Amino acid sequence: MPKSIIVPPGTTTPIAPFVPGTLADGVVYVSGTLPFDADNNVVHVGDAAAQTRHVLETIKKVIETAGGSMTDVTFNSIFITDWSNYAAVNQVYAEFFPGEKPARFCIQCGLVKPDALIEIASVAHIGKAEV
């Protein structure tokens, strides 16, 4: 099965050996996405809602670059550092998924950078087109 690497315009070099997304057989796999700026620094320190919005906007760019939209997302893996941020995360999350919601899970854990409050990885089924 051929695969295509998905790198939206303006994407910086990741801090580890991975790509933002991979398209294979009509499915986009979006890597775990943290609230990073162009220099891989955490943005919106201390603000879980703003970090969630930044992460979901970044995921949206990956999926759109692959030819899909957020309505194509079928599954999200959500990692948060503190359950006290759960309500703020869900409020922003609902803005990006206003209709039928994708399946998901959410766990509390430590993340690669201490100021990051959230990380999300996504799967989207966009069809058979390859980029």
Side-chain angles (χ1 to χ4, degrees):
M1 156 180 63
K3 67 179 182 181
S4 300
I5 302 305
I6 306 301
V7 180
T11 299
T12 60
T13 302
I15 62 171
F18 67 90
V19 295
T22 303
L23 175 62
D25 200 26
V27 180
V28 180
Y29 301 91
V30 181
S31 293
T33 304
L34 291 151
F36 287 168
D37 65 12
D39 297 317
N40 290 318
N41 295 310
V42 176
V43 297
H44 311 296
V45 173
D47 187 340
Q51 285 191 9
T52 301
R53 182 167 280 105
H54 185 88
V55 165
L56 288 169
E57 287 291 346
T58 302
I59 289 169
K60 182 179 177 184
K61 289 176 190 171
V62 174
I63 293 169
E64 288 177 347
T65 299
S69 71
M70 293 298 273
T71 60
D72 297 317
V73 174
T74 56
F75 191 80
N76 288 305
S77 303
I78 303 172
F79 307 90
I80 60 176
T81 59
D82 192 317
W83 287 119
S84 66
N85 294 323
Y86 191 64
V89 168
N90 280 330
Q91 183 176 353
V92 174
Y93 184 90
E95 294 172 20
F96 283 81
F97 301 103
E100 293 181 0
K101 311 293 186 247
R104 75 177 210 185
F105 69 78
C106 183
I107 62 170
Q108 179 180 324
C109 62
L111 297 174
V112 69
K113 290 212 178 179
D115 287 333
L117 303 175
I118 185 161
E119 180 174 353
I120 302 175
S122 299
V123 177
H125 289 255
I126 65 167
K128 297 285 185 182
E130 299 288 331
V131 292

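Computed from a predicted model, the values in this text were never measured in an experiment. Side chains are part of it too, since the values below use all heavy atoms of this structure and drop only hydrogens, waters and symmetry mates.
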Do you know which two heavy atoms are closest between Pro35 and Gln51, and how far apart they sit? CG-OE1, 3.3 Å
For residues 69-76, dump all side-chain donor-acceptor pairs below 3.5 Å to protein atoms at least two apart in sequence or in another chain.
residue: Ser69; atom: OG; partner: Thr71; partner atom: N; Å: 3.4
residue: Ser69; atom: OG; partner: Thr71; partner atom: OG1; Å: 2.7
residue: Asp72; atom: OD2; partner: Ser69; partner atom: N; Å: 2.8
residue: Thr74; atom: OG1; partner: Val123; partner atom: O; Å: 3.3
residue: Asn76; atom: OD1; partner: Ser122; partner atom: OG; Å: 2.5
residue: Asn76; atom: ND2; partner: Tyr93; partner atom: OH; Å: 2.9

Spacing of NZ belonging to Lys61 relative to CD1 belonging to Ile6, to within rounding of 0.5 Å: 15.5 Å
Is there side-chain contact between Thr22 and Ile5, with at least one heavy-atom pair below 4.5 Å? yes
Do Ile80 and Val45 belong together in a cluster built from hydrophobic side chains that touch within less than 4.5 Å? no
Between Ala66 and Val28, the two heavy atoms sitting closest are CB-CG2, 3.6 Å
How long is the straight-line distance from OG1 of Thr52 back to CZ of Phe96, given to the nearest 0.5 Å? 9.0 Å
So, taking the atom named CD1 in Ile120 and the one named OG1 in Thr33, what distance separates them when rounded to the nearest 0.5 Å? 8.0 Å
Give the table of side-chain donor-acceptor pairs shorter than 3.5 Å for residues 8-17, with sequence neighbours excluded, one pair per line with atom names and distance.
residue: Thr11; atom: OG1; partner: Pro8; partner atom: O; Å: 2.6
residue: Thr12; atom: OG1; partner: Ala38; partner atom: O; Å: 3.4

My understanding is that only residues two or more places apart in sequence, or in another chain, count here; which of them pass ring pair (Phe, Tyr, Trp, His ring centres under 6.0 Å) with Phe79? Phe105
Val43: which other cluster members, linking ILVMFWY side chains closer than 4.5 Å, directly or transitively? none
Return each pair, listed once, that meets salt bridge (Lys or Arg N to Asp or Glu O under 4.0 Å) where at least one residue sits in residues 28-47; pairs must be two or more places apart or across chains. none
With sequence neighbours left out, which residue pairs that include part of residues 30-53 fulfil the ring pair (Phe, Tyr, Trp, His ring centres under 6.0 Å) condition? none
Can you measure from CD1 (Ile63) to OG1 (Thr58) and round to the nearest 0.5 angstrom? 11.0 Å
side-chain hydrogen bond (donor to acceptor under 3.5 Å, both in side chains) with Glu57: which residues, sequence neighbours excluded? none
Distance check, rounded to the nearest 0.5 Å: Asp25 atom CG versus His125 atom NE2? 9.5 Å
Spatial distance of atom OG (Ser31) from atom CD1 (Ile59) [nearest 0.5 Å]: 10.0 Å
Kindly list each side-chain donor-acceptor pair under 3.5 angstrom involving residues 110-118, sequence neighbours excluded, with atom names and distances?
residue: Lys113; atom: NZ; partner: Asn40; partner atom: O; Å: 2.6

Let me check something: do Tyr29 and Val55 share a hydrophobic cluster, defined by ILVMFWY side-chain heavy atoms less than 4.5 Å apart, either directly or through other members? no
For Glu95, enumerate each residue passing the salt bridge (charged side-chain N to carboxylate O under 4.0 Å, His left out) test, keeping only those at least two apart in sequence or located in another chain. Arg53
If you group Ile, Leu, Val, Met, Phe, Trp and Tyr by side-chain heavy-atom gaps below 4.5 Å, do Val89 and Val42 land in one group? no
In the hydrophobic cluster built from side-chain contacts under 4.5 Å, what are the other members alongside Phe18? none
Heavy-atom closest contact (Leu34 atom, His54 atom, distance): O-CD2, 4.4 Å
Test side-chain contact (heavy atoms from CB on, under 4.5 Å) applied to Ala121 - qualifying residues, sequence neighbours left out: Ser77
For Glu119 against Gly32, the heavy-atom pair lying closest together: OE2-CA, 3.3 Å
Applying salt bridge (Lys or Arg N to Asp or Glu O under 4.0 Å), which residue pairs with at least one partner in residues 75-85 are found, sequence neighbours left out? none
